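Report on the following structure.
Nothing fancy with the numbering, it's 1 onward along the sequence. Here the structure is a predicted model, which is why all the values come from computation and not from measurement.
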Amino acid sequence: MPKVYGTGPYDFRRHRVAEYHIDNPPAAPAAAAPQGASLSGSITLLEIQRDRLTKIAASNWSRAAGAEPPARPFDPSLVKEIYDTELLVSGARKTVPLHRVMILEVSQYLENYLWPNFNPETATLEHVMSMILMVNEKFRENVAAWICFHDRKDAFRGFLGSVLRLKEEGRDLSIAEKTNYLLFMIHAFQSLEDEIVSGTVLKLVSLQLWHCLSPGRLQMEFCLNPHLILKWKKMIKKENKYAKKGGHTFEPSSMLEVTFLRNLIEEFLKILDSEIIQPRPDDSPGAASIGEQMDDACVLYCERFTEFLIDLLSQLPTRRFLKPLVADVAVVSKCHLSALYTHEKGRLFAQLVDLLQFYEGFEIDDHDGTQLSDHDVLLAHYSRLQAFQLLAFKKIPKLMDLALCNIGAIHNRADLSKKLSILSAEELKDLVCDKLKLVSGGDPCADRVDFLIEILVYFFEKRQSQKEAINALPLYPNEQIMWDESVVPSINYSGEGCLALPKLNLQFLTLHDYLLRNFNLFRLESTYEIREDIQEAVPHLLSYINSEGETAFRGWSRMAVPIKDFKITQVKQPNVGEVKPSSATAEVTFSIASYKAHIRSEWNALKEHDVLFLLSIRPSFEPLSAEEAARSTVPERLGLQFVRGCEVIEIHDEEGVLMNDFTGRIKRDEWKPPKGELRTVTVALDTAQYYMDTTNRAERGAEDVYGTFNILMRRKPKENNFKAILESIRDLMNEAFTVPEWLHNILLGYGNPSAAQWTNMPDLLEVVDFKDTFLDAAHLRESFPDFQVCFLNPEGKEEPSPNPPFRIRLPKTLKGSVHALPGNKKSSNSATLGGDDMATQGAEKEKLIVEPYIPADPGPYPQDQPKQNSVRFTPTQIEAIISGIQPGLTMVVGPPGTGKTDTAVQILNVLYHNCPSQRTLIITHSNQALNDLFEKIMQRDVPARYLLRLGQGEQELATDLDFSRQGRVNAMLVRRLELLSEVERLARSLNLPEDVGYTCETASYFWLLHVYSRWEQFLAACEENQDRPTFIKDRFPFKEFFSNTPQPVFTGQSFEKDMRAAKGCFCHLSTVFQELEECRAFELLKSTADRANYLMTKQAKIVAMTCTHAALKRKDFLQLGFKYDNLLMEESAQILEIETFIPMLLQRQEDGHARLKRCILIGDHHQLPPVVKNMAFQKYSHMDQSLFTRFVRLGIPYIELNAQGRARPDIAKLYNWRYRDLGDLPYVREQDVFHKANSGFSYEYQLIDIPDYHGKGETAPSPWFYQNEGEAEYIVSVYIYMQLLGYPASKISILTTYNGQKLLIRDVVNRRCTSCGISPPSKITTVDKFQGQQNDFILLSLVRTRFVGHLRDVRRLVVAMSRARLGLYIFCHRSLFEQCYELQPTFQLLLQRPDRLGLNLDETTPFTDRPVGETGRVHFVEGIQDMENLVVFKMHQLYRAQAISHYYAEFSEQDPQTENPKMSPSQRHHTEEDADMPFANGENTTSENGDTGNALAENNDSGNAITEDGDTGNTPAKNIDSDENKMEE
């Protein structure tokens, strides 16, 4: 098996694999098609196998799983021949032919041929460029690109050196080769977490870069940063010394680190200035460039280079010394003046230049990373302008007018340009190059007047602040941004071009930069989703122009309705300091008459804060021809003119009655169903957009947008929360929020990765009460193997027979050396809690002081006894619990089945008991995970009154208690009445009036005057009568109250035992009155809202919600004063970065400091990431990178749970190679169920090779809608076979990697199963949807036969392999998957077994005593038809057995004393055996755990479709939502 780097940070980068549709190129004449020409989008597996590249690979480097490569020697001429014929760009193409690169990369050209034979001394240009192309392709496919290089690190440094020297050696590269070279450098600078990459490339942006600055710029930088002068001198001295030792003089221009970037920039400017314009054939040399044509390849190069500079300037380590060089060469100004910037083909380039300008002028101190406030930036701007005015006043008489102007008159671009235009070219050059020294006098553009003025304006103009820009931006997208492909690309983004988008990589400049990038990406992702919804809804309306020339609609849409009337009702004056209105409201009237009842109810369910969209549709008079439709844009085809968003304020029915009121204006008993068919919605318009529209109309005579709306569109509520989240991010940018100091630098990606680990934090808990964490003393010893555990009682003496609970004093060695390792370290099996065994070998183990104690008696009633933990935590889980209860950042990686949730719950439990005054916030990605966590918390010793569940999923909790806000309020009020009745009973037992239990207040007085005073008197009397065993039994003041206990409280035989029982009784009373005190607020507060808010902000100790709910309600939490001390986040590797960050800031700072003390992130970055629907935002912007994954890439220490309890050990081996040291829990090794084979199957897991079915492999009826009929038929046959054996349907799930295959399998199940009375499986769904779930038996279809597709994402493979507990059967095309490099560790194991399904036909029931290692008599299934025939035979056998059994039963009823004389003993035995099998008419069978389940269900209507949850419904499988047709995200 190849060495697998599963723990280095280089392996945690963007794994999401490219999955895109390739349009078929125009067919070329057959004769003209050269060998190896680009393959079409409909390439088949047979064509790939016949392709010349595949044949070359097979004979030179390709190998099947586990096989050795061909023995041919390395041939450099072959590399050159492949490069020249396949990878060299020719003709009008901008990039390398994609299919040719894909075939080479999939054949492991890099891993098996180029890299093993790479020698830095002898490598040719073609060899280096081929490796560059292969690395670029891996990044485009989003698979780990650097893995194969880690076995020869020195050679890799030589490779990077060869790459850098390509430029220095003066090699003449084509423009496409330069673009590929540049793309490789972009990828290298995005991989700074990888030491072998960063060690080389960071030298290119070090202080040495300043050797190539102009003298004036260098002097300016030293004036601004005097602390660098000493560092510069030391560097010069060191370089001179090194040069002298080598026997030559120091020459900076000969150093690669000095010249590399400068030369790259100058090459870019040369191409931008002279090579990008192609002269037309008919243009004379002196002709004007009116019809100038742009070279597409040069345009792409310029776009890529701008992206390269943006990447470098947006990370502090690469920005610090590069920014002066970019300013010295005046890159941005030259781009502004270039022909491409204003050309129609340069729109993307212009957007990228604007982004580059933004990052060049970003508000940050480049050398210490301090964020500059708006005030600091303004002061710097004023001081620059003031100094310039002073210079003009003294030295330039012509600029006297400028010198005497107020700053407000000259700080914008137009005014400044006008003032400077009076200077001549010589005066401008003298001012810019000699006096201000902004550029060098030797610059090629230094004699151009427009360039010199641009430099001055660019340097002195006032720039809009981030806050101003964000606040002026509409939160709703409009039609202009929606269909701008450079900003919101369509789904078929292949990764070949760049985009004007920010990237989420490792580091951010400041928190504002962090929020800004996330804001823009989240806004654009929601824009993409809205655009898809519009394109889905509008065509169904069938718009046309009627005889009156107005737009009308023939059709109808579920999500869009024609508007009857629209009017703006109110526009309020702007707030002070703003220009946009403070609010703008409108009324929209529409009819729901044409809808059926269930759709009407959806429209009637509109409520406050729902987001709607106003559309203006104006179709063309004549339908577009096919040619016109192909040329037109989507809005033109839809007739879409304008799109504006709005938010619902209220909705009224036809009689004007308010609907869906949640403000309390309409009482519940006054609510009436809505009347009529007309609905009027009052909406709030986006004021920023409204201001822009009205300004356009006033200044430019644009059309009145708000007079044209004729469609109102809604969206699914779960997908329509983007506005609230964007508002939360914008509010954060406008606030002076404070992130905890210990978390600040780590969030930005700087500083010591271990700084926030608990071992480096102050205010640690020295002694921790672990409560029920340890089951016994042996469990505690197991958990601390490197310590000598000493059990001492409170007197300091050794305890001979210790029992839990335990208090532990954490030793200093535990604090200094913990099990958590940074992401770039590989743990060994010896790495344990105590640290390095090698260092302590032979030394005496340090003592761990443990104090066992007897907890106070909680009370005499059963409900008083605390709930106990029953999980035997592993040492690693104990380390996670210790880290979680201490201050700081705790990261826990939980592989599948390792008990992440149990660990999280125990952290909460121990934290609650050790820090009872602190409040904890729980965040998860899904409602299901939150409910699982909550249900387990309720099984611990945390009172239910301290638990609160917010959001929409609390109704799914599997509990009788209601943990929503309203449910908790009601529970507190009910509990108050129960407690007051107990107080009355207590008063009666003391012969006191019962009115003391009237209110919580009277009860508190009763406690002080009568209860507590009696207890004190009793204690005083006990002090004097300790020698009387019966004293407590006789004199206990509350004996009558506790007379109803299940067991007698006092024995009268031991004073000590009775005293403990008396204290337990008093503890029960104390709890009653403490709860009453907590109920008092609910007695005083009268409104439900006030009570609910009090519960959330004061009462609840543990508050749980989803990340989406946290982002939606942040403003409400701040207004209510919500506070919490600890944050625990489950599924954090599945949560978007910004949705992880917002929950950290749901409270206001206290005295300038953040209150948050602990942040516990639990997740698994080796499983699937957050869902991002747009491929470009995944691949280009890395938006699907979670904060958890970024922290792992940064090397922040994490604890990885290392024992799984889900799957058989053999099945776990298919994915445990991906983790550090993942083993098995004793439960898995000991339980009988894991040692028994799967009845009817020879193997517990197997890969089954599926040949083409009817000559077809994979098909794609529409893009990304992949199906494989052969796999679907085979998998359903196996499912039927399992059902016939008696396997319960609930224990079987069918998974696949594509939505298309999921729907095909459902169709096959409908056709073959329901008609035969066979119940559908538990789930038929995709691997992505099944993440976080499990089942006993998994049937997995991998679908693809041409390219591996998105299963190359190893995270998807881990999820797919880890869903099964007892049996996993994988159906795929073997020859395709066995060659995939990323999947080798798993497929090598799979292919050690036969690739034909092995069945054991001797077993006819779901139970067997055969051990899991024995195959029995194996029957190999030869193919799809063979399996189908076998199933038919089995079914026939089953029906025959049922008939015989039925006949035998009737005969026995007639004469129960007589056996059938006609049956031989062997026949009778056979019948009895068959009678144990399931019946086709739905008779129950007994499952393995003794429950009864339907193996075969009653006959269902064969027309019913099977839903994703395995239910049957009446919706045909083809009538699905359009999003099912998209690729599984």
Side-chain angles (χ1 to χ4, degrees), residues 347-348 351 354-355 469-493 498-504 515-538 559-560 610-616 633-638 640-647 685-690 692-693 705 711-730 733 1108 1111-1112 1136-1139 1170-1184 1522-1523 1526 1529:
R347 184 176 180 186
L348 173 57
Q351 292 171 331
D354 293 343
L355 197 55
I470 288 294
N471 291 334
L473 199 65
L475 289 180
Y476 305 108
N478 57 31
E479 70 286 347
Q480 293 172 338
I481 191 175
M482 271 187 194
W483 283 276
D484 185 343
E485 280 291 319
S486 59
V487 179
V488 187
S490 54
I491 196 168
N492 56 355
Y493 173 75
C498 62
L499 301 165
L501 297 174
K503 295 179 183 177
L504 305 182
L515 289 170
L516 188 67
R517 295 194 214 185
N518 278 286
F519 177 88
N520 285 328
L521 284 176
F522 195 91
R523 179 171 175 262
L524 295 174
E525 167 71 0
S526 57
T527 298
Y528 168 76
E529 293 174 13
I530 293 163
R531 183 178 80 184
E532 294 295 298
D533 288 345
I534 290 175
Q535 291 177 187
E536 170 64 23
V538 170
M559 308 303 286
D610 282 354
V611 172
L612 302 174
F613 288 88
L614 299 161
L615 312 181
S616 176
T633 63
V634 174
E636 287 171 351
R637 290 199 293 273
L638 296 178
L640 188 64
Q641 303 296 314
F642 304 108
V643 179
R644 296 292 181 267
C646 58
E647 182 179 317
L685 304 173
D686 189 306
T687 53
Q689 183 68 61
Y690 183 81
M692 291 163 60
D693 290 333
V705 174
I711 292 294
L712 181 69
M713 193 190 86
R714 63 185 175 91
R715 300 178 68 219
K716 294 176 183 175
K718 285 188 178 180
E719 300 171 1
N720 207 24
N721 49 32
F722 71 97
K723 179 178 179 283
I725 296 174
L726 288 176
E727 278 184 330
S728 293
I729 304 173
R730 188 169 68 179
M733 296 187 69
T1108 304
L1112 289 174
L1136 288 174
E1137 176 119 16
I1138 191 62
E1139 291 187 332
V1171 174
V1172 176
K1173 292 185 179 179
N1174 189 295
M1175 188 68 63
F1177 300 142
Q1178 291 173 21
K1179 293 170 60 178
Y1180 184 84
S1181 297
H1182 324 311
M1183 190 180 175
D1184 64 343
S1522 62
D1523 58 357
K1526 299 174 187 172
E1529 296 299 341

Worksheet item: At their closest point, which heavy atom of Phe613 faces which heavy atom of Gly645, and how far apart are they?
Response: CD2-CA, 3.8 Å
Item to complete: List for me each residue that meets side-chain contact (heavy atoms from CB on, under 4.5 Å) alongside Asp693, sequence neighbours excluded, and say none if there are none.
Response: Arg644, Gln689, Val705, Tyr706
Fill in: Set of salt bridge (Lys or Arg N to Asp or Glu O under 4.0 Å) partners for Asp686, sequence neighbours left out
none
Worksheet entry | Worked check of side chain to side chain contact (heavy atoms under 4.5 Å, CB included) between Lys1173 and Glu525 | CA-CA 8 Å; Lys1173 292 185 179 179; Glu525 167 71 0; 3.6 Å; yes
Worksheet item: Are the side chain of Asn720 and the backbone of Val611 linked by a donor-acceptor contact shorter than 3.5 Å?
Response: yes
Worksheet item: Between Glu636 and Trp483, do the side chains contain an N or O donor and an N or O acceptor separated by less than 3.5 Å?
Response: no
Fill in: Side-chain (Gln1178) to main-chain (Asp1184) donor-acceptor, under 3.5 angstrom
no
Item to complete: For the pair Phe722 and Tyr476, name the ring-plane relationship: parallel under 30°, tilted 30 to 60°, perpendicular over 60°.
Response: perpendicular
Discussion item. Is there a side-chain contact between Leu638 and Gln535 in this structure, where contact means two heavy atoms from C-beta onward sitting under 4.5 Å apart?
Written reply: yes
Fill in: Expected output: side-chain Arg517 to main-chain Pro502 donor-acceptor under 3.5 Å
no
Practice prompt. Check Leu499 against Tyr1180 and note the closest heavy-atom contact, atom names and distance.
Written response: O-OH, 3.0 Å
Fill in: Value rounded to 0.5 Å, distance of CG in Asn721 from CG in Leu1112
4.5 Å
Fill in: Beyond-backbone contact of Leu1136 with Val1172, side-chain heavy atoms, under 4.5 angstrom
yes
Discussion item. So which atom in Ala537 and which in Ala560 form the shortest heavy-atom distance, rounded to 0.1 Å?
Written reply: CB-CB, 4.3 Å
Discussion item. Any carboxylate oxygen within less than 4.0 angstrom of a Lys/Arg side-chain nitrogen, looking at Arg347 and Asp484?
Written reply: yes
Discussion item. One pair to check against side chain to side chain contact (heavy atoms under 4.5 Å, CB included): Met1183 and Leu501. What are the steps and the verdict?
Written reply: CA-CA 11 Å; Met1183 190 180 175; Leu501 297 174; over 6 Å; no
Worksheet item: Rounded to the nearest 0.5 Å, how far apart are OG of Ser526 and CG of Leu726?
Response: 5.5 Å
Worksheet item: Say you draw a straight line from CG of Leu615 to CD of Gln641; how long is it, rounded to the nearest 0.5 Å?
Response: 11.5 Å
Discussion item. Taking Leu348's backbone N and O only, do any of them form a donor-acceptor pair with Ser486's side chain (distance below 3.5 Å, no angle check)?
Written reply: no
Item to complete: Please report the C-alpha distance between Ile481 and Arg523 in whole Å, then the side-chain angles of each, then the deciding distance to 0.1 Å, and finally whether the side chain to side chain contact (heavy atoms under 4.5 Å, CB included) criterion is met.
Response: CA-CA 11 Å; Ile481 191 175; Arg523 179 171 175 262; 3.6 Å; yes
Discussion item. Please find the pair of heavy atoms, one from His1182 and one from Leu504, that lie closest to each other, and give the distance.
Written reply: CB-O, 3.4 Å
Worksheet item: At their closest point, which heavy atom of Pro474 faces which heavy atom of Met692, and how far apart are they?
Response: CG-SD, 3.8 Å
Discussion item. Just so I know, are the side chains of Pro489 and Tyr528 near enough to count as touching, which here means a heavy-atom distance under 4.5 Å?
Written reply: no
Practice prompt. Find the distance between CZ (Arg715) and CG (Asp533) and round it off to the nearest 0.5 Å.
Written response: 4.5 Å
Worksheet entry | Validation row: Val538, Ile711 side chains within 4.5 angstrom (heavy atoms) | no
Practice prompt. Give, for atom CE of Met559 and atom CZ of Arg714, the distance between the pair rounded to the nearest 0.5 Å.
Written response: 4.0 Å
Worksheet item: Between Ala688 and Ala472, which heavy-atom pair has the shortest distance, and what is it?
Response: CB-O, 3.7 Å
Fill in: Intermediate values then yes/no, side chain to side chain contact (heavy atoms under 4.5 Å, CB included), Lys723 and Glu727
CA-CA 6 Å; Lys723 179 178 179 283; Glu727 278 184 330; 2.8 Å; yes
Discussion item. Just verifying a value: how many Å separate Glu479 CD and Arg531 CZ, rounded to the nearest 0.5 Å?
Written reply: 13.5 Å
